[in-house]
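Beneath this line is the structure, given in structure tokens, with notes to follow.
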Amino acid sequence: MDEAWFILTDLGSLPAAINAYKQRMGIEEMFRDCQTGGYDLEGTSLKGDRLIKMILLMTLAYTAAIFQGTEIRQKQVQALCISS
């Protein structure tokens, strides 16, 4: 069942509001992945230089995953992956 969404914004147009909301959802997903998802940054209890190094490593891994996912989507391979 489709549900109505009400988005309050001060942006000038509906397309701008939808684009901003899509970006926000991407950021929320990234935070979830880094905090409690596969990377579990909160569980490491790292501080200082070790924390910075871990964040850098996670950034590289996350970026590589985004590029790979984009490439797969562009090749339209996702339809094959979903059906198996």
Side-chain angles (χ1 to χ4, degrees):
M1 174 181 358
D2 290 336
E3 296 181 16
W5 283 60
F6 297 95
I7 302 174
L8 299 175
T9 181
D10 61 353
L11 297 174
S13 68
L14 179 60
I18 291 172
N19 186 41
Y21 190 76
K22 285 180 183 179
Q23 289 178 3
R24 177 167 185 243
M25 287 298 99
I27 292 168
E28 292 288 337
E29 291 174 9
M30 180 191 68
F31 282 147
R32 185 191 66 231
D33 290 342
C34 291
Q35 292 175 350
T36 58
Y39 297 106
D40 193 24
L41 183 60
E42 291 178 344
T44 65
S45 301
L46 295 175
K47 295 183 182 351
D49 287 344
R50 295 190 82 183
L51 176 62
I52 292 169
K53 290 175 184 177
M54 177 60 80
I55 292 171
L56 179 59
L57 182 61
M58 286 173 43
T59 301
L60 293 172
Y62 198 83
T63 302
I66 295 295
F67 283 140
Q68 185 175 23
T70 301
E71 185 177 330
I72 289 170
R73 180 177 284 161
Q74 287 173 348
K75 292 180 179 179
Q76 297 181 343
V77 176
Q78 77 274 13
L80 299 174
C81 296
I82 294 171
S83 64
S84 45

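Predicted, not measured: the structure shown is a model, and the values here were computed from it. Along the sequence shown, residues carry numbers from 1.
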Could you list all the side-chain hydrogen bond (donor to acceptor under 3.5 Å, both in side chains) pairs where at least one residue sits in residues 60-70, not counting sequence neighbours?
D33-Y62
List the atom pairs, donor and acceptor, that lie under 3.5 Å between side-chain atoms in residues 14-31 and the rest of the protein, sequence neighbours left out.
none

I'd like a table of donor-acceptor pairs (distance under 3.5 Å, sequence neighbours excluded) in which one partner is a side-chain atom from residues 41-57, with atom names and distances.
from	atom 1	to	atom 2	distance (Å)
T44	OG1	L41	O	2.7
T44	OG1	L46	N	3.4

